[in-house]
Amino acid sequence: AQSVTQLGSHVSVSEGALVLLRCNYSSSVPPYLFWYVQYPNQGLQLLLKYTSAATLVKGINGFEAEFKKSETSFHLTKPSAHMSDAAEYFCAVTPKLFVGGNTGKLIFGQGTTLQVKP
Amino acid sequence: EAGVVQSPRYKIIEKKQPVAFWCNPISGHNTLYWYRQNLGQGPELLIRYENEEAVDDSQLPKDRFSAERLKGVDSTLKIQPAELGDSAVYLCASSLGGLGSYTGELFFGEGSRLTVL
């Protein structure tokens, strides 16, 4: 069964500092991987996704993530944090369609709250 | 293009009362999902529809929860009777489905926040 682990439920950075949110997945074969962001009282919005093309994926708002198969990781980074980046971030995984039958299910991690200090 | 629309945004009820949530997916999306998000946690899938068919309802508490997607477009999620532990945000999402178009990307609505007193 696939699962996602996000290390650190809360991350606090200063404005302008590097943002690093960690995500590790458990899967027998590389799945599709996603990062979603959730602002207060809003639904989830896709930041970026990995679907087996380039291992370094660029998303919206200056975020990027690198897929590392050897480490089963998909960490999210941003070089310089902005106050508007404060939100809840979720890593998610889903099996590729052609692998073992597709469940169509997006499995989420527990989330990491990003706090940005002025 | 309109996104996923959910209503109501907020609902407060007493335990044992019924409640229903409605979702209108993005036009052309044949796959619809209902997720439940408890406070401080990630969303968990309740049910997934491919058109009118519920293809994954293994996590839906069928003793009190029910869902339908008539005509393969709008969907309704019902809880009857509600319990204190049902307090959560209920998220609806939709996606393009089927071979050749599946990417796993879901589009979410803003959610319906339920408080059971």
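Lettering follows sequence order; numbering is per chain, from 1.
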Say whether A:Phe67 and A:Tyr89 are linked into one hydrophobic cluster, either directly or through other cluster members, by side-chain heavy-atom distances under 4.5 angstrom. yes

Does B:Tyr33 belong to the same Ile/Leu/Val/Met/Phe/Trp/Tyr cluster as B:Phe65, with side-chain heavy atoms less than 4.5 Å apart forming each link? no

Common cluster, A:Tyr50/A:Leu56, ILVMFWY with side-chain heavy-atom separation under 4.5 Å: no

Under a 4.5 Å heavy-atom cut-off, does chain B meet the side chain of A:Leu44, its backbone, both or neither? both

Counting C-beta onward and ignoring hydrogens, is there a side-chain heavy-atom pair between B:Tyr35 and A:Leu106 closer than 4.5 Å? yes

Do B:Gln41 and A:Phe90 touch side chain to side chain, with heavy atoms closer than 4.5 Å? no

Under 4.5 Å heavy-atom distance to chain A, tell me which part of B:Gln37 shows up: side chain, backbone, both or neither. side chain

Answer with side chain, backbone, both or neither: which region of A:Gln38 has an atom nearer than 4.5 Å to a non-hydrogen atom of chain B? side chain

Would you compute the distance between atom CG of B:Leu106 and atom CZ of A:Phe108 and round it to the nearest 0.5 angstrom? 6.5 Å

If hydrophobic clusters are built from ILVMFWY residues whose side chains come within less than 4.5 Å, do B:Phe21 and B:Leu91 share one? no

Take a 6.0 Å sphere around NZ of B:Lys62 and say whether it holds more than 12 heavy atoms from other residues, nucleotides or ligands. yes

Are the side chain of A:Tyr36 and the backbone N or O of B:Phe108 linked by a donor-acceptor pair below 3.5 Å? no

Honestly curious: do A:Val19 and A:Leu47 fall in one hydrophobic cluster under the side-chain, below-4.5 Å linking rule? yes

